Amino acid sequence: MSDTLPNTASRPSDASDLPKAWPFEEARKVASHVAERGGDAPALLETGYGPSGLPHIGTFGEVARTTWVRLAYEKLTGRKTRLLAFSDDMDALRKVPGNVPNQEMLAQHLGLPLSRIPDPFGRFESFSAHNNAMLCEFLDRFGFEYEFASATDYYTSGRFDDALRRMLEVHDEVVATIVPTLGAERRATYSPVLPIHPRTGQVMQVPVLGVNPDEATVQWKDPEDGTLYETSVLGGHAKMQWKADWAMRWYALGVDYEMSGKDLIDSVKLSSKICRILGKAPPAGLTYELFLDQNAQKISKSKGNGLSIEEWLHYAPPESLAQYMFNQPTRAKRLFFDVIPRAMDEYLANVDKAGATPDETVLRANPAWFIHGGAIDPALSSPVSFTALLNLASVANAESSETLWKFLRRYDPTLSPETHPYVDRLVGHALVYFKEFVRPAKTFRAPSDAERVALQDLADALRQADPSLSPVEVQDIVFEIGKKHQIQPLRAWFGCLYEVLLGQTEGPRFGIFASLFGLPETVALIEGALARDAIPADRQT
RNA sequence: GAACCGGUAGCUCAGCCGGUAGAGCAUUCGACUUUUAAUCGAAUGGUCGUGGGUUCGAGUCCCACCCGGUUCACCA
C-alpha cells in the first residue's frame, strides 16, 4: 500500500527517547527507508528546483529544513548523508519569464531545453547555467552543504541510462498509471517519454507510437511534417515528463528522502507509484505547507506579494529566518514583515535556553541547536531582545546606531559594539525596521498655540545651552520652560513633547533624551515639528 | 470533484507519550520618577468550533459535521 502521505505516517511507538523536534521524526523515516533498501550507501536527501525561476525564500526553507533532517539523522544513526540539489535544467522553456532581458531571443527558443538556450543575461553559456549558478551562489551564501546536480549532465552522461531502459520495460504500466489522472485533452497525447527532436532540439510532447525496450528507443511522428522518427531514450536524446522524471530520478539515484510543498501532494503520490513500478520504494518525505501573505493569500512569485528573502534579511539576521522556517513546517504561516521581530526573539530565547541546558536530548530539541548546525555558537546571541531594541529605537527616535547605542549603554553599561558585535548587528536592523515600519505609522500631533510658543522657547534655550551640560541640567531647562509657560498640569508639557516631537504618548525623560540625542539635533527636531505643522491646523486628532 | 492545514484569553499563538488550561502583546492597578521609555510586581480575561464515541479522566485519541484558508485537477 502506502501511498499514505509522509506526514500522516503512523507515529513510531519507541520515540520516547527521541528529542522532541520534528527533524528527528523525519530522521526516523529516513532511517527506516535506509534500512529497508539496505546497503552501506549514505542516506541520500534531495531537493529539487524548477530551472525557470530564481531561488527564493521557499528555496531557503526547503534546503534549511532538509539540512536539519540530515543533522538529526546523522546524530540519530551515526551514519553519513548526502544532500543533492537537483536542477531539472533539461526541462523545456514553455513561456518566456517576464523578469528577464532579451525577451525576443528567448521567444525564439521556446520548447528547447533550458540548457540549450543562450543566457539572456549574457553571462553564462546557457540560461540554465545562469540559473544554476544563481542557485549555487544562493546556497553558498548561507553555508549550506550540498552537491549540485544538473539533469542535463545526468542525462547526457548516461547516468540515467539504466533507469531509462527500465522505464521502457514498464512503459505501458506507467502510462496506465498516469493516464487516469489526466484531463481528457492531455490523455490523447500523453507519454512519459519526451524525445528530443534530432533536427530542432525541441523537447517533443507527442504521442509515442511504439516502444522498443531492447533497443531503448521510442517511435514518434513529427506533428509538423509527419516524419517518423525512432529515437533513443539514452544519453540525453530524450527526457522524461516530469512526474515520471521525478520517479525515475528517485529510482536511479536511490533517493531516501525528499520533502515538498503541499501543492505537489498528488505528484508525490503518482511519482511514488511509478517509482514502485520501476522497482524501488519511493523516498520518505514531508509535505510542508505553503506560505501565506499578509492577507492570508498564497505567495506567488509572479505577483510579488509576501516577502522576499532579501527583504527579510534587510530587517533581521538569517538566524531569524531559519527560526521561522523551523517552526511548524506543516502549518500554513503568514510570511510578512510583522513576523520578523517575533521570529528573531524566539531565536534569541532559544540560544539562551540552549546555553542553560545540560541535557543533550533537550538540547537537540532546541531550534537553535539545528540552526547552528549542532553546535551552539554563543556569539550569535544577544542579552537584549529585538523587541526591546525596537522599542528603544522608537522612544529614542534613533536615526543612527551611535544614538541607539548611547541609549542602550544607559540601559546596560556592559554592552558595546566591540564586545557584542551581534547586538550591534541587531541594532542596525532595529534601526532599519524602525525607520521603515514603525516611524511611518506614527502620528505627530500639531502643537496648540501656547505649546508652539513654549516649544520655540525651548529650542532657543537648548541652542544657547552649554553642550557639556549633564542630562539632569538639561532636564532642568526643559522643566523651567514648562513652568515659565504655565502649562497645566506640568506633566502635560512632557506629554506635548512626546506627542508633537516623537509621535507617541510616552517617552524617556526629556532631558536624558535631549542629551543623548544631541542638543543641536533636538533643536532641529523641534523646529522641524514647528515648521511641519505651521500651515495645517486641522490635523489635530 | 479531490486533497491539505487551521478553528484554544481582545490580538498572535504554545500546549510533548490523554491527568482539573499557558506565554507574549493589549487592558487595568501598583512600584520607581522634578515625567509616563526601557525595568519590576499584580490583576482581569477561555463552556479549548459543534455533536457523538473510547476512557476512571480528552484541548490532547477515534468518527461525523460546521466554519475559515489553501492547493491540485494546464505546466512544472
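Order of the sequence lines fixes the chain letters, A, B, ..., with proteins taken first and strands second; residue numbering starts at 1 for each chain. Remember, predicted model here, so these are calculated numbers, not experimental data.
- Take the nearest nucleotide of RNA chain B for A:Gly495 and for A:Arg186: the residue whose nucleotide is more 5' is A:Gly495.
- Atom name P, nucleotides B:U12 and B:U8: the rounded distance is 9 Å, in whole Å.
- Inspection of the A:Gln323 and A:Asn327 side chains reveals an N or O donor paired with an N or O acceptor under 3.5 Å.
- Nucleotides B:C5 and B:C13 are separated by 16 Å at their C1' atoms, to the nearest Å.
- Using bins of under 30°, 30° to 60° and over 60° for the plane-to-plane angle, the ring pair A:Tyr433/A:Tyr315 lands in the perpendicular bin.
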Dot-bracket assigned to RNA chain B with the 3.5 Å Watson-Crick/G-U criterion, [ ] for crossing and | for other-strand pairs, is (((((((..((((.....[..)))).(((((.......))))).....(((((..]....))))))))))))....

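- In this structure, A:Gln475 reaches the bases: a heavy-atom distance under 4.0 Å links it to at least one base atom across the strands shown.
- Listed pair A:Arg94 / B:A76 meets the phosphate criterion, a side-chain N or O lying under 4.0 Å from OP1 or OP2.
- A sub-4.0 Å separation between OP1 or OP2 of B:A14 and a side-chain N or O of A:Arg331 is present.
- With both ends at atom P, the span from B:A21 to B:A31 equals 34 Å, rounded to whole Å.
- Comparing B:C17, B:U12, B:A76 by their nearest atom to the side chain of A:Lys20 picks out B:C17.
- If you check every strand for non-hydrogen atoms under 4.0 Å, A:Phe513 touches nothing.
- Using atom P as the reference point in both B:A9 and B:G45, the two lie 14 Å apart (nearest Å).
- Comparing B:C13, B:A76, B:U34 by their nearest atom to the side chain of A:Arg342 picks out B:C13.
- A:Arg409 contributes no side-chain N or O that, together with a main-chain N or O of A:Thr414, makes up a donor-acceptor pair within less than 3.5 Å.
- Put simply, A:Gln328 has a side-chain N or O that comes within less than 4.0 Å of OP1 or OP2 on B:A14.
- When heavy atoms are screened at a 4.0 angstrom cut-off, A:Arg509 is found touching base atoms of the nucleic acid.
- Heavy atoms of A:Ile512 sit nowhere under 4.0 angstrom from any nucleic acid atom.
- No engagement by A:Asp345 is indicated, since no non-hydrogen atom pair under 4.0 Å with the nucleic acid exists.
- Remark: A:Arg249 qualifies as a cation-pi partner of A:Phe86 under the 6.0 Å distance and 45° angle criteria applied to the six-membered ring.
- Taking atom C1' on both nucleotides, B:C32 is separated from B:G68 by 47 Å, rounded to a whole Å.
- Residue A:Asn391 is out of contact with every strand shown, counting any heavy-atom pair closer than 4.0 Å.
- A:Tyr324 and A:Glu346 are not linked by any side-chain donor-acceptor pair at a separation below 3.5 angstrom, with hydrogens and angles left out of the test.
- Taken from CD1 in A:Ile178 to OH in A:Tyr190, the straight-line distance is 3.0 Å, to the nearest 0.5 Å.
- Note: CZ (A:Phe291) to C1' (B:C5) measures 13 Å, nearest angstrom.
- Remark: the backbone N or O of A:Pro192 is not paired with any side-chain donor or acceptor of A:Lys243 at under 3.5 angstrom.
- The line from CH2 of A:Trp493 to CD1 of A:Ile481 is 6.5 Å long, rounded to the nearest 0.5 Å.
- Regarding A:Ile340, its CD1 atom lies at a distance of 20 Å from the P atom of B:C25, rounded to whole Å.
- Comparing A:Glu289 and A:Ala492 by the nucleotide of RNA chain B whose heavy atom lies nearest to each, the residue mapping closer to the 5' end is A:Glu289.
- A donor N or O paired with an acceptor N or O is not found under 3.5 Å between the base of B:U71 and the side-chain atoms of A:Asp266.
- Between the C1' atoms of B:C17 and B:G59, the separation comes to 16 Å (whole Å).
- When the P atom of B:C25 is taken as reference, atom CG of A:Asp338 falls 17 Å away, rounded to whole Å.
- In this structure, CG of A:Leu390 is placed 14 Å from C1' of B:A37, rounded to the nearest angstrom.
- The side chain of A:Phe479 lies closest to B:U34 when the candidates are B:U34, B:A37, B:U71.
- Rounded to an integer number of Å, the gap from A:Ile265 CD1 to B:C72 P is 10 Å.
- B:A14 atom C1' lies 12 Å from atom CG of A:Asn350, rounded to whole Å.
- Spacing of P atoms, B:A37 relative to B:A26, comes out at 13 Å, to the nearest Å.
- Residue A:Tyr324 contributes atom OH, which lies 12 Å from atom P of B:A14 at whole-angstrom precision.
- Not one N or O on the side chain of A:Ser271 forms a donor-acceptor pair closer than 3.5 Å with the backbone of A:Val268.
- Atom CZ of A:Phe326 and atom C1' of B:A14 are 15 Å apart (whole Å).
- Taking the C1' atom of each, B:G22 and B:U44 are spaced 16 Å apart, rounded to whole Å.
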